[in-house]
Amino acid sequence: MDELRQKYLGAISEVADEAALEYLRVQAVGKKGEISLKMRELGKMTPEERQVAGPALNALKDEINSALAAKKAALADAALDARLRTEWLDVTLPGRARPQGTIHPISQVMEEVTAIFADMGFSVAEGPQIDSDWYNFDALNIPEHHPARGEMDTFYMHRDESDNRPPHVLRTHTSPVQIRTMEVQGAPLRVIAPGRVYRADYDQTHTPMFNQVEGLAIDTDISMANLKWVLEEFVRAYFEVDTVELRFRASHFPFTEPSAEVDLRCSWEGGQLKVGEGDDWMEILGSGMVHPKVLEAGKIDPAKYQGFAFGMGIDRIAMLKYGIPDLRAFFDSDLRWLRHYGFSALDVPTLHQGLSR
Ligand code: PHE
């Protein structure tokens, strides 16, 4: 019996998992276990022998059973401990760092512009960045030999000699979207068309790709006065100031008649730009009443409808609003610059919550 005690108590104390422990339990006190077999032998003993062996065997059985139970509890505790260690959580850690990415100032400004014009009933139209020279020039009343059509200024797509499709260009302005929208929507209509445009130009204030937003409103009773109100309203909302002053300068575009370039009153003091006050003027857009030939190209009857159109440089107004001195930084993908000028992805510009907060 001493041998059995030592054998099982020793084994139980060394067991490492519950399956091995169960195996030991069956070996010792299971139906056919060693202790149970010994108990069966009691019947063959003399009454005197039985009186000694019986209680001793029972005591041994109890001792092994309680060792098994204690070990089982210890193994369960250890398993819980191990699990708690792997699932450890430091509740004193600060919240997770915010995402690294930011919204590029150009994207931000496009969202702001869209929000403002949406409030005035303009929807957003789009057109292809590679367009035929008909949409980019002819339909807009830009004649064959206009300097803008020269290879000096315009990126022409490569064409094989045998290719008889019309020549295609990287659009030099967003104005071709005027024609496409007229074709699809007819009159009346009210749209803006923000997007990328391309010109063969590169210096401190020009990049070969830049961004414009086109505006177009067509109805039976549209005048220059509507154009002026819409632009003043836009500039006030965009720069988030109460007073703005715009100057309409007579100008020329083949696709508008009359045409005006629009300047914004501003001041440059100590390199700091202020909008709405001062003695300086900054040109921000071209505009005018849509030329009858352009309405015709868009299949709209110029005897019945008129409209205004404007085209504004998004990069320019982004630089003005956010104090960005060099246009080329927009395209450098410098993370330090983006973190400085970028906007949180969660702050969607709206008129009621504030455009840029
Ligand atoms: N398309 C002209 C430009 O790129 C801007 C413009 C648009 C002028 C619409 C008048 C009307 O300079």
Side-chain angles (χ1 to χ4, degrees), residues 110 113 117 122 124-129 131-143 146-150 152-155 169-182 189-201 205-219 222-232 234-235 246-264 282-298 300 302 305-318 327:
M110 286 206 184
V113 169
F117 281 108
F122 288 74
V124 173
E126 286 187 309
Q129 292 176 40
D131 215 340
S132 70
D133 67 348
W134 188 81
Y135 279 106
N136 195 80
F137 297 124
D138 300 88
L140 291 163
N141 194 34
I142 300 174
H146 194 282
R149 299 183 77 136
M152 277 286 290
D153 297 307
T154 301
F155 292 112
V169 299
L170 291 179
R171 67 179 180 193
T172 59
H173 47 183
T174 43
S175 300
V177 187
Q178 285 190 31
I179 307 296
R180 291 181 171 275
T181 311
M182 290 183 215
L189 67 79
R190 234 185 294 181
V191 293
I192 57 164
R196 295 179 169 184
V197 301
Y198 303 83
R199 285 180 207 173
D201 227 347
T205 51
H206 297 89
T207 51
M209 188 281 284
F210 57 105
N211 300 274
Q212 283 188 337
V213 58
E214 193 82 5
L216 177 66
I218 295 176
D219 212 323
I222 295 236
S223 72
M224 282 295 265
N226 300 126
L227 170 68
K228 187 159 185 265
W229 183 85
V230 164
L231 290 177
E232 278 173 356
F234 165 74
V235 171
L246 295 182
R247 181 173 74 177
F248 284 68
R249 241 181 323 107
S251 181
H252 174 77
F253 300 102
F255 33 92
T256 47
E257 181 59 39
S259 304
E261 280 179 307
V262 177
D263 305 331
L264 177 66
M282 173 78 78
E283 185 202 320
I284 55 166
L285 60 91
S287 66
M289 297 303 290
V290 180
H291 196 291
K293 284 191 183 168
V294 173
L295 292 170
E296 261 166 26
I300 288 180
Y305 291 103
Q306 324 90 53
F308 69 69
F310 60 85
M312 186 161 46
I314 291 199
D315 312 73
R316 168 69 67 89
I317 63 166
L327 179 66

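Every number for a ligand or one of its atoms is a count from 1 in the order of the listing. Quick note: numbers below take in every heavy atom, side chains included, and nothing from hydrogens, waters or symmetry partners.
Salt-bridge check for Asp138 with Lys293: failed, with every basic side-chain N at 4.0 Å or more from each acidic carboxylate O. Under a 4.0 Å N-O distance rule, the pair Asp219/Arg190 does not qualify as a salt bridge.
Taking the centre and axis of the six-membered ring of Tyr135, the NZ or CZ atom of Arg171 falls outside the cone set by 45° and 6.0 Å.
In this structure, the protein non-hydrogen atom closest to atom 5 (C) of ligand 1 is Gly311 CA, 3.9 Å.
The proximity of Arg199 to ligand 1, defined as any non-hydrogen pair under 4.0 Å, is limited to the side chain. Only the side chain of Phe255 comes within 4.0 Å of ligand 1, judged by heavy-atom distances.
Ring-plane geometry between Phe117 and Phe122 is classed as perpendicular, the angle between the planes exceeding 60 degrees on a 0 to 90 degree scale with a lower cut at 30.
Using 4.0 Å as the threshold, Gln212 has a heavy atom nearer than that to some atom of ligand 1.
Residues Leu285 and Glu261 fail the side-chain proximity criterion, which asks for heavy atoms closer than 4.5 Å.
Within ligand 1, counting atoms from 1 as listed, the ones closer than 4.0 Å to a heavy atom of Ser175 are 1 (N), 7 (C). Within ligand 1, counting atoms from 1 as listed, the ones closer than 4.0 Å to a heavy atom of Ser287 are 8 (C), 10 (C), 11 (C).
Residue-to-ligand polar distances place His173 within reach of ligand 1: an N/O pair is separated by less than 3.5 Å. Considering backbone and side-chain atoms together, Thr172 places no N or O closer than 3.5 Å to any N or O of ligand 1.
Between the side chain of Asp153 and the main chain of Gly150, no donor-acceptor pair closer than 3.5 Å is present.
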